[in-house]
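Notes follow the structure.
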Amino acid sequence: MRNALLSWSRLRRGLTAATLGLGVLAAAAAATFAAPAGPGMVHPDLWPSAHSPAAMSDPETEAKIDAFMAQMSVEEKVGQVIQADITAIKPDDLRRYPLGSVLAGGNSGPNGDDRASPQAWLEMIRAFHAVAMEPRPGHTPIPVMFGLDAVHGDNNIPGATIFPHNIGLGAARDPALVREIGNATAEETAVIGADWAFGPTLAVPQDVRWGRSYEGYAEEPEVVRDYASAMVEGLQGPMPAKGALASGRVAASVKHFLADGGTEGGKDQGDAKISEDELIRIHAQGYPAAIDAGVLTVMASFSSWNGVKNTGNRGLLTEVLKGRMGFEGFVVGDWNAHGQVPGCTPVSCAAAFNAGLDMFMAPDGWKALYANTLAEVKSGEIPMARLDDAVRRILRVKIKAGLFATERPFEGRFDRLGAPDHRALARRAVRESLVLLKNNGALLPLRADAHVLVAGDGADDIGRQSGGWTISWQGADNTNADFPHGQSIWSGLHDAVTAAGGTAELRADGSFTTRPDVAIVVFGEKPYAEFQGDIPTVEYQPGDKRDLALLRRLKAQHIPVVAVFLSGRPLWTNPEINASDAFVAAWLPGTEGGGVADVLLRKPDGSVNRDFRGKLSYSWPKTAASVKPLHRGDRGYDPQFAYGYGLSYRDHREVGPLSETSGASTTGGDRNLLFRGGRAPAPWSFMLSGAVSAHPVDAGAQESGKAVSWTGEGDLRISGPPVDLTRQTNAQMALQITYRIDRAAAAPVKLQLACSDKTCASLDVSGLFARAQTGAWSTVAIRLACFGAAPADLSQVTAPFMISTHGPFGLSFAEVSIVPDTGKAVCP
Ligand code: BGC
Ligand code: BGC
């Protein structure tokens with residue numbers, strides 16, 4: 001009894017600690033025995049309560065839903081709960097499969113073109129709508145809901161305004177700004193005819209090694225709580241008592257429910273091993289605010305809580321979210337996430353649906369999922385009442401989001417994409433998000449009538465300053481030409497300096513023709529998204545301090561140096577900070593790079609133009625070994641710059657020199673790069689077994705490739721410590737090989753993966769290699785999902801590349817890597 005009391009009171013710590021009286025304790029202890037226990041089990045009455053506004057289920061809306069429900073066939077109902085991706089569905093398919101929703105994933109564009117014009121997006125979305133609304137016998141016309149990741153502006157669309165990623169908005173501490181950004185984003189999303197933005201992310205990231213840290217506003221729940229309602233109100237506008245959201249507003253989707261930012265080691269799609277108390281106190285805080293503000297949808301997280309996948313957790317989805325938090329909209333799954341629930345596959349998952357998932361995100365497997373779900377309903381495995389509940393929720397959202405509106409005045413208003421007022425707003429957001437970490441000798445603000453050298457490979461790169469989820473999924477392949485309205489940081493600096501009568505020179509490598517008065521060096525992380533951005537330590541440029549060398553070179557010439565650091569998270573940068581006189585954390589500012597010049601440079605008359613106002617919403621690490629979770633007030637909390645830190649021009653504080661002992665034992669290394677420059681870089685090694693030999697070969701540069709020849713049975717493999725390729729196989733990722741056939745194969749050739757040294761997945765590539773021209777180099781990307789056709793456990797892959805055959809064969813290769821599939825990858 002005593003123990004039960006103690007653990008119960010520990011559980012409630014932070015929630016009711018101040019008010020917990022003896023009577024309450026006794027009652028709580030009684031509840032302990034009544035409540036179920038075990039991993040993933042919840043105690044709903046411990047959670048904050050909330051409720052969707054009454055206006056979301058007004059009598060008129062509910063009557064319309066009743067009428068639809070009376071008319072719809074079971075096939076139509078099942079169709080409503082399934083969402084397909086545009087890479088795998090055509091409008092015509094909706095005639096046979098009456099799906100409720102279509103999405104465009106991060107790498108999906110109209111007609112397979114990521115960079116398709118806004119016009120092409122609109123035409124495609126209209127084509128889906130048209131088929132859904134067609135009068136046909138036996139068909140209930142219901143608009144299909146089109147969603148996409150408009151997470152920092154309508155970021156998939158060339159020409160759209162790209163706002164700073166959420167980490168930067170968190171630093172701004174300005175809910176009113178966030179509301180306006182939501183508003184502008186909704187408008188630009190409505191322009192292409194879309195109905196739904198998959199945001200905002202309400203993660204409260206606790207370990208910035210997580211590659212999605214930049215999608216979270218802050219590591220403390222307070223900022224997330226304030227912003228949750230602001231962004232939902234911005235995207236959706238007020239929920240009217242009757243009728244639908246105003247035109248130019250879109251449905252929001254708060255994500256990823258729950259504790260996506262709490263996974264162990266910051267692993268994407270990982271496991272949050274935490275108490276229910278911490279789940280509530282840290283990770284749940286944004287959701288009640290969003291629900292009270294009328295958010296129409298919630299996206300369930302890929303991740304687990306104490307080993308139980310959230311997508312299949314009835315306690316979380318049904319008892320907490322729909323029960324305690326009174327959520328009346330619908331829950332959408334994440335990208336094939338239901339396939340990770342025990343007993344499920346991407347094409348069949350009654351368990352997730354019965355747990356409370358209302359709509360499956362089934363990008364590629366939707367057709368089989370439709371058939372299987374229909375069968376599960378008919379057999380009773382999915383109760384009809386559960387299906388009806390899900391469909392009612394979906395219809396409610398469609399009605400309230402305005403999908404039935406006959407007028408869509410923002411559609412086709414392409415002048416609103418990147419409109420001047422939106423860009424001015426984004427520029428303001430950039431100014432507000434910048435955090436000044438160091439300003440020794442009050443170097444900043446700079447006089448603009450000077451000779452300014454702008455260096456660093458991030459200075460003139462709008463793609464870099466925008467990060468992941470920009471035009472493409474990982475955002476790694478953009479050039480300035482992809483941003484017709486965008487401005488690089490260099491261009492903004494150049495404009496301001498020239499306007500003040502100064503001169504500016506751009507040299508990425510820091511060389512110059514005229515000795516500058518000051519150098520502004522713009523550098524930082526390269527774009528990434530989701531799991532591709534997970535890192536082993538928080539060290540910046542581990543093992544390759546190129547940017548540090550550049551800063552030091554300038555400093556050695558006694559040129560004052562201002563560092564502008566672009567990153568999706570705070571990183572250990574003490575050496576870089578020491579090598580700079582002033583250091584600015586600029587996060588991922590988006591297309592309006594001019595906002596940086598607004599703050600760094602004085603007005604032409606020499607007075608201060610704009611001061612810094614950003615404050616860290618994440619603690620800045622003191623060593624490369626620092627990992628959260630430590631919070632303000634926790635014992636041992638010892639960051640380099642604390643949460644809330646940020647200098648202004650009124651502060652005169654000297655910083656440093658800071659310790660340059662990294663403290664990290666492991667170094668990074670790009671695990672996606674398996675072979676380049678004639679070798680397999682660490683942690684990989686190149687191995688042969690059987691009747692195979694290899695010798696160096698020139699592939700562009702001397703000895704940059706390897707020629708492998710077989711005389712009989714054998715294989716070549718690139719192996720290393722086990723890596724988990726589950727996430728890569730589920731997403732659109734590919735194994736890219738630059739190769740040359742030297743001698744045609746006499747026997748079948750297989751491309752394989754080895755797990756704990758045993759083959760765990762295999763593809764026949766004989767045909768692919770037979771079609772290749774002997775003696776010519778070519779590159780092929782093979783979709784990792786092709787390996788997934790026969791379900792295998794790919795969580796312990798020890799050789800992500802292996803080629804085997806049993807007869808004479810000659811193959812050279814220059815590069816092997818794991819890359820995002822931009823639509824060109826194949827299944828052999
Ligand atoms: C991400 C979501 C995103 C969805 C659709 C998923 O992999 O986790 O945040 O909304 O894909 O692109
Ligand atoms: C899609 C993303 C999605 C991810 C799932 C990618 O291929 O483009 O939208 O989030 O796969 O992990």
Side-chain angles (χ1 to χ4, degrees), residues 82-89 101-109 114 145-157 165-166 185 189 194-203 205 210-217 231 235 250-261 263 266-270 286 295-304 309-311 330-340 346 357 359-366 467-475 528-534 568 726-733 784-785 820-823:
I82 293 178
Q83 179 186 57
D85 184 86
I86 55 167
T87 47
I89 190 169
S101 177
V102 173
L103 92 144
N107 264 347
S108 314
D114 236 357
M145 187 159 170
F146 195 95
L148 79 179
D149 293 284
V151 296
H152 62 145
D154 192 9
N155 45 253
N156 278 288
I157 314 302
H165 266 300
N166 289 346
T185 300
T189 304
D195 311 295
W196 182 12
F198 300 143
T201 295
L202 300 184
W210 186 36
R212 305 192 78 161
S213 296
Y214 65 81
E215 297 185 58
Y217 295 118
M231 188 50 103
L235 287 165
V250 296
S253 194
V254 284
K255 68 187 188 184
H256 308 82
F257 191 79
L258 188 64
D260 47 349
T263 62
K267 185 177 183 230
D268 191 43
Q269 304 183 14
V295 72
L296 288 166
T297 75
V298 174
M299 189 183 291
S301 181
F302 266 119
S303 57
S304 307
K309 282 279 169 190
N310 292 340
T311 302
F330 72 80
V331 179
V332 64
D334 204 339
W335 190 272
N336 276 331
H338 54 274
Q340 299 181 8
L357 190 78
M359 183 185 279
F360 293 102
M361 187 184 286
D364 40 9
W366 57 272
W469 297 109
T470 305
I471 314 282
S472 66
W473 173 39
Q474 297 285 331
Y528 53 79
E530 299 195 52
F531 47 84
Q532 286 290 94
D534 290 1
T726 327
R727 300 172 298 171
Q728 285 81 345
T729 310
N730 178 41
Q732 291 165 335
M733 298 290 294
L784 282 172
D821 171 15
T822 49

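Note that ligands are numbered from 1 as they come in the structure, with each ligand's atoms numbered from 1 the same way.
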If you measure from each non-hydrogen atom of [X] to ligand 1, which part falls under 4.0 Å: side chain, backbone, both or neither?
X: Leu103; answer: side chain
X: Arg212; answer: side chain
X: Trp473; answer: neither

### Query
How about Val151 and Pro200: do any of their side-chain heavy atoms sit closer than 4.5 Å?
no
### Query
Taking N or O atoms only and a 3.5 Å limit, does Asp334 qualify as a polar contact for ligand 1?
yes
#### Entry: Any N or O of Trp469 closer than 3.5 Å to N or O of ligand 1
no
#### Entry: Considering all heavy atoms, the nearest Thr201-Tyr217 contact
O-CE1, 3.8 Å
### Summary
Closest heavy-atom pair, Trp210 versus Gly261, reported as atoms and distance to 0.1 Å, is CZ3-CA, 3.5 Å
#### Entry: Any Glu215 heavy atom less than 4.0 Å from ligand 1
no
### Query
Could a heavy atom of His256 be found less than 4.0 Å from some atom of ligand 1?
yes
### Message
Side chains of His152 and Thr470 only: does a donor on one sit below 3.5 Å from an acceptor on the other?
### Response
yes
### Task
Assign the ring pair His338 / Phe360 to parallel, tilted or perpendicular, where the plane angle (0 to 90°) is split at 30° and 60°.
perpendicular
Check ligand 1 against [X] and write out every atom of the ligand that is under 4.0 Å from a heavy-atom position of the residue.
X: Trp335; result: 6 (C), 7 (O), 11 (O)
X: Lys255; result: 2 (C), 3 (C), 9 (O), 10 (O)
X: Phe302; result: 7 (O), 8 (O)

### Task
Mind checking salt bridge (charged side-chain N to carboxylate O under 4.0 Å, His left out) for Asp534 and listing every partner two or more places apart, or none if nothing turns up?
Arg727
### Query
Looking at the rings of Tyr528 and Tyr214, which for Trp means the six-membered one, are their centres under 6.0 Å apart?
yes
